[in-house]
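Since the model is a prediction, treat every value here as computed from it, not as a measurement. Note that ligands are numbered from 1 as they come in the structure, with each ligand's atoms numbered from 1 the same way. For reference, positions follow the sequence shown, starting with 1.
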Amino acid sequence: MKKVAIVMGSLSDKPIIQKAADMLTKLHIPFDIRVLSAHRTPEETIEFAKNAREDNYAVILAAAGKAAHLGGVIAAYTTLPVIGIPIKASALDGMDALLSIVQMPAGIPVASVAIDGAVNAALMAAEIFAIYNEDIEKRLIRYRSEMKEDVLNADRELINERI
Ligand code: RP5
């Protein structure tokens with residue numbers, strides 16, 4: 001089975017990235033986690049991106065804060081889909097990373113989730129896998145009905161408190 005690559009620009013991004021890893025684990029989707037920096041380890045980042053398809057990855061999640069060039073650099077060296085995760089890591093509260101990720105020039109796309117939106121990045125990767133994988137689609141549907149049940153329960157509890 002193909003895998004997801006979760007790549008982060010610094011180990012300091014790990015607490016957010018862990019949420020993507022947990023969601024992929026819940027959905028039984030295999031993944032690897034790497035620390036690769038567009039600025040501090042550019043050669044290794046490019047090497048990773050060039051080999052990503054033959055290393056059996058289908059989707060790449062690229063998490064970075066500040067001047068978040070990681071997703072863009074990876075996308076320049078692979079045609080696999082790259083989903084950026086802007087990390088809130090500076091005085092600019094992640095707006096810097098968000099704009100760095102979404103403002104890609106035409107021709108080299110990088111998708112983006114919300115600032116610190118690691119869960120949605122994992123879910124988006126799962127939805128891509130689910131195009132051809134019914135088991136993953138079923139798990140996604142189950143996850144949504146669990147969420148729905150949680151909201152309905154919270155609402156019921158609030159109503160009961162008022163009675
Ligand atoms: C980015 O700079 C990293 O992705 C991280 O979010 C931020 C800060 O990195 P550290 O200085 O904590 O290593 O490249």
Side-chain angles (χ1 to χ4, degrees), residues 1-131 133 136 139-140 143-144 146-147 150:
M1 185 174 169
K2 293 274 185 189
K3 298 182 285 183
V4 174
I6 307 178
V7 183
M8 61 189 132
S10 165
L11 208 51
S12 64
D13 301 324
K14 183 85 176 11
I16 296 298
I17 280 328
Q18 191 57 47
K19 296 176 189 177
D22 292 345
M23 181 53 73
L24 292 174
T25 301
K26 181 181 170 78
L27 296 171
H28 301 195
I29 297 175
F31 63 90
D32 294 322
I33 303 184
R34 300 283 307 273
V35 184
L36 291 165
S37 167
H39 309 117
R40 293 167 177 158
T41 59
E43 293 89 358
E44 289 77 4
T45 300
I46 291 168
E47 202 54 27
F48 160 82
K50 282 181 176 171
N51 296 328
R53 187 178 292 272
E54 67 189 49
D55 285 343
N56 212 28
Y57 296 116
V59 182
I60 299 169
L61 309 186
K66 298 184 176 172
H69 298 139
L70 182 61
V73 169
I74 291 173
Y77 287 91
T78 180
T79 53
L80 293 175
V82 178
I83 302 170
I85 306 172
I87 300 288
K88 185 174 173 175
S90 77
L92 299 183
D93 280 346
M95 279 303 292
D96 41 2
L98 174 65
L99 296 177
S100 302
I101 289 170
V102 296
Q103 286 296 92
M104 287 295 292
I108 307 293
V110 175
S112 182
V113 291
I115 295 167
D116 288 350
V119 170
N120 271 1
L123 288 169
M124 184 58 70
E127 290 182 0
I128 293 169
F129 275 60
I131 294 170
N133 187 316
I136 294 173
R139 288 183 205 119
L140 281 169
Y143 169 70
R144 288 189 181 197
E146 284 167 11
M147 257 192 321
D150 287 347

Ionic contact status for R139 with E146, cut-off 4.0 Å: no
Atom CZ of F31 with >12 non-hydrogen neighbours under 6.0 angstrom: yes
More than 12 heavy atoms from other groups under 6.0 Å of CE on M124: no
For [atom], what is the nearest protein heavy atom, given as residue, atom name and distance?
atom	value
atom 11 (O) of ligand 1	R40 NH2, 3.2 Å
atom 8 (C) of ligand 1	S12 OG, 4.1 Å
atom 10 (P) of ligand 1	S10 OG, 3.5 Å
atom 1 (C) of ligand 1	G65 O, 3.5 Å

Which of the numbered atoms in ligand 1 are under 4.0 angstrom from any heavy atom belonging to [X]?
X	value
D13	3 (C), 4 (O), 5 (C), 6 (O)
A89	6 (O)
A64	4 (O)

Member of D116, L70, I17 meeting the side-chain contact (heavy atoms from CB on, under 4.5 Å) criterion with I85: I17
Pairwise side-chain contact, V82 with L80, heavy-atom cut-off 4.5 Å (strictly under): no
Within-shell test, H39 vs ligand 1, heavy atom, strictly < 4.0 Å: no
Mutual orientation of the aromatic rings belonging to H69 and H39 [parallel < 30°, tilted 30-60°, perpendicular > 60°]: perpendicular
